[in-house]
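Residue numbers run from 1 in the order of the sequence given. As the structure is a computational prediction, the values presented were derived from the model and not from experiment.
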Amino acid sequence: MKLTISRESLLTPLQSIAGVVEKKQTMPVLSNVLLVAEDNTLTLTGTNMEVELVARITPVHVDQPGRITVPARKLSDISRALGDEAPMELSLEGDRLHLRCGASHFTLSTLPAEHFPNVEDEDESFRLELPQKELGRMLDATAFAMAQQDVRYYLNGLLLEVDKDHVRTVATDGHRLAMAHLEVATNCPELRQVIVPRKGVLELARLVEDVETPVTLVIGDNHLRATVGSYTFTSKLIEGKFPDYNRVIPRGGDKVVLADRATLKNTLQRAGILSHENIRGVRLNLASNELQVFANNPDQEQAEDALPVDYQGESLQIGFNVGYLVDVMNALDEDQVKITLSNPNSSALIEAQNDNRCLYVVMPMRL
């Protein structure tokens, strides 16, 4: 294998691929990136057996086609450290890959391409096109609520739900729930639900950009495949049944609070400094046109704060994990936030005042 490529065209895809590759692997070849040079194209592939990312770089001057795997992070770090002045020449000599650029020369170890695992192809059952910015918005709005290493493995991912005129993303860790939806004609004949694992969600969110250019999603029985520009991303799906999120969304709350999102977020963050570091609880006291926030901890320290809100109902005391509330404030991008409550034992429903595309449910705490 022998090819010449500019540093600029190699670096960005290589860094994306290196993000998929895990640092510590049980199989040495999984720390490598697969390079395939043919037909004036260089294809890079990285995988951790759960997700796979393929990047195609063209045009590339290929003198000799070939395939080999090399350490992903080392190749990425070397490429980042080189200057832009001279092109990079990659050549396979024996079982070593030689990288030459100007006066610099690096020799990297390799492993045979045959050892590199392939994500098996499967029949696609449904294909969908969405604007990249809309998919990115939905992932950003919900991914933070995924569980981490929960024994209920189906919570360690994100539900992607498609029906004939909606696409939804839903995440929950059992204490809070985030949902985003997009109205779009999908031509999906029946309700489809798949659970994308945490690593797949984070890598896909990194891949999509804030542009109208479409991303193509192909949903199979065991995999989700996304094509974004010159990248093809594949993630295994989590087997299992996601909880019925509609049963979690509180209905009929009679106490509606309107607040400035940034002011509420800052007030919560200030009070949270003195909350118990393990349970992170804060107490909210709601009265006419005022919300008070209280926190304390085992060191007898306490915080009291207040902010004006638009509220006319009965007074209410309710406790929450302050981190969950702040996460929601960060996910919303409207200036005004609407919080609907009913009693101290019922979950809060949080939305932007003028945008119903996202909603959040946070369970209360006993304090």
Side-chain angles (χ1 to χ4, degrees), residues 12-25 30-31 33 44-55 72-73 76 117 119 128 130-150 152-162 167-182 193-211 215-220 222-240 242 245 323-324 326-328 330-333 358 360:
T12 301
L14 191 54
Q15 287 180 315
S16 298
I17 299 276
V20 168
V21 175
E22 303 282 358
K23 288 178 184 172
K24 295 178 181 175
Q25 291 285 8
L30 292 180
S31 298
V33 57
L44 313 177
T45 307
T47 184
N48 67 352
M49 300 296 283
E50 186 180 56
V51 301
E52 176 192 82
L53 184 59
V54 180
R73 292 191 181 275
S76 174
V119 173
L128 174 69
L130 296 174
Q132 285 188 45
K133 65 184 296 182
E134 290 295 346
L135 180 60
R137 173 188 68 79
M138 294 167 68
L139 295 177
D140 290 345
T142 52
F144 70 88
M146 292 185 292
Q148 296 192 51
Q149 299 178 325
D150 197 296
R152 297 164 295 180
Y153 57 92
Y154 48 82
L155 298 185
N156 300 320
L158 179 130
L159 175 72
L160 177 65
E161 179 182 274
V162 184
V167 177
R168 293 181 188 86
T169 55
V170 187
T172 179
D173 60 8
H175 303 285
R176 55 182 172 172
L177 178 140
M179 184 179 88
H181 80 270
L182 173 67
Q193 291 187 329
V194 295
I195 307 173
V196 186
R198 178 182 196 84
K199 176 78 171 173
V201 172
L202 299 180
E203 291 300 332
L204 182 55
R206 218 173 267 139
L207 208 55
V208 295
E209 298 179 1
D210 189 20
V211 293
V215 51
T216 302
L217 299 178
V218 175
I219 301 171
N222 303 306
H223 292 90
L224 172 76
R225 180 161 286 157
T227 304
V228 185
S230 59
Y231 293 92
T232 302
F233 169 82
T234 308
S235 173
K236 283 186 176 176
L237 298 174
I238 295 175
E239 291 184 26
F242 201 80
Y245 61 86
Y324 294 167
V326 170
D327 283 347
V328 172
N330 285 330
L332 291 167
D333 54 10
C358 301
Y360 302 91

J.: At what distance, to the nearest 0.5 angstrom, does OG of Ser235 lie from NE2 of His223?
T.: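 So the OG of Ser235 and the NE2 of His223 are separated by 8.0 Å.
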
J.: Which atoms form the tightest heavy-atom contact between Thr45 and Ile17, and what is the distance?
T.: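 Closest pair (atom of Thr45, atom of Ile17, distance): C-CG2, 4.0 Å.
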
J.: Contact between Gln193 and Leu159 at the side-chain level, heavy atoms closer than 4.5 Å - yes or no?
T.: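 With C-beta onward as the side chain, the pair touches.
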
J.: Considering all heavy atoms of both residues, which atom of Tyr231 and which atom of Pro13 are nearest to each other, and what is their separation?
T.: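 The pair with the smallest heavy-atom distance is OH-CA, 3.2 Å.
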
J.: State the CD-CD1 distance between Glu161 and Ile195, to the nearest 0.5 angstrom.
T.: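 Glu161 atom CD to Ile195 atom CD1 measures 11.5 Å (nearest 0.5 Å).
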
J.: Identify which one of Asp333, Val208, Thr142, Leu182 satisfies the side-chain contact (heavy atoms from CB on, under 4.5 Å) criterion when paired with Arg137.
T.: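 Testing Arg137 for a side-chain contact (heavy atoms from CB on, under 4.5 Å) against Asp333, Val208, Thr142, Leu182 leaves exactly one candidate, Leu182.
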
J.: What verdict does the side chain to side chain contact (heavy atoms under 4.5 Å, CB included) test give for Leu204 and Val196, after you've listed the backbone C-alpha separation in whole Å, the side-chain angles of each residue and the deciding distance to 0.1 Å?
T.: CA-CA 10 Å; Leu204 182 55; Val196 186; 5.9 Å; no

J.: Who pairs with Phe233 by ring pair (Phe, Tyr, Trp, His ring centres under 6.0 Å), at least two apart in sequence or on another chain?
T.: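 For Phe233, no residue satisfies ring pair (Phe, Tyr, Trp, His ring centres under 6.0 Å) once neighbours in sequence are set aside.
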
J.: Can you name the closest pair of heavy atoms from Ala226 and Leu217 and give their distance?
T.: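 The pair with the smallest heavy-atom distance is CB-CD2, 3.6 Å.
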
J.: Hey, mind stepping through Asp173 and Asp150 against side chain to side chain contact (heavy atoms under 4.5 Å, CB included) and telling me if it holds?
T.: CA-CA 8 Å; Asp173 60 8; Asp150 197 296; 5.7 Å; no

J.: Please tell me if the side chains of Leu160 and Thr169 come closer than 4.5 Å, counting only heavy atoms from C-beta onward.
T.: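 SC-SC contact between Leu160 and Thr169 confirmed.
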
J.: Can you name the nearest heavy-atom pair linking Ala331 to Phe144, along with the distance?
T.: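 Scanning both residues completely, I find the closest heavy atoms to be CB-CE2, 3.5 Å.
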
J.: If you measure from CE on Met146 to CZ on Arg198, what distance do you get to the nearest 0.5 Å?
T.: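 It is 4.5 Å, given to the nearest 0.5 Å.
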
J.: Walk me through it: do Leu155 and Thr172 pass the test side chain to side chain contact (heavy atoms under 4.5 Å, CB included)?
T.: CA-CA 6 Å; Leu155 298 185; Thr172 179; 3.8 Å; yes

J.: When Pro197 is tested against each of Leu224, Ile238, Asn156 for side-chain contact (heavy atoms from CB on, under 4.5 Å), which residue passes?
T.: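 Passing option: Ile238.
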
J.: Starting at OG1 of Thr234, measure out to CD of Glu50 and round the result to the nearest 0.5 Å.
T.: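 Reported value, rounded in 0.5 Å steps: 12.5 Å.
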
J.: A side-chain contact here means heavy atoms from C-beta on lying under 4.5 Å apart; do Val33 and Val21 qualify?
T.: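 A side-chain contact is absent here, since even the closest heavy-atom pair is not under 4.5 Å.
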
J.: What closest approach, in Å, do Val167 and Met138 show between heavy atoms, and which atom pair accounts for it?
T.: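 Looking at all heavy atoms of both residues, the closest pair is O-CE, 3.2 Å.
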
J.: Show your reasoning for whether side chain to side chain contact (heavy atoms under 4.5 Å, CB included) applies to Arg168 and Tyr245.
T.: CA-CA 11 Å; Arg168 293 181 188 86; Tyr245 61 86; 3.3 Å; yes

J.: More than 12 heavy atoms of other residues, nucleotides or ligands under 6.0 Å from CD of Glu239: is that the case?
T.: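 No, not enclosed.
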
J.: Apply salt bridge (Lys or Arg N to Asp or Glu O under 4.0 Å) to the pair Asp327 and Arg176, showing each step before the final yes or no.
T.: CA-CA 10 Å; Asp327 283 347; Arg176 55 182 172 172; 2.7 Å; yes

J.: Do the non-hydrogen side-chain atoms of Val228 and Glu209 ever get within less than 4.5 Å of each other?
T.: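 Heavy-atom side-chain distance check fails, nothing below 4.5 Å.
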
J.: Which pair of non-hydrogen atoms, one from Tyr153 and one from Gly240, has the smallest distance, and what is that distance?
T.: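 Shortest heavy-atom contact: OH-CA, 4.1 Å.
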
J.: Do Met49 and Pro117 have side-chain heavy atoms sitting under 4.5 Å apart?
T.: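 SC-SC contact between Met49 and Pro117 confirmed.
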
J.: Please tell me if the side chains of Val215 and Leu207 come closer than 4.5 Å, counting only heavy atoms from C-beta onward.
T.: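 A side-chain contact under 4.5 Å is absent here.
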
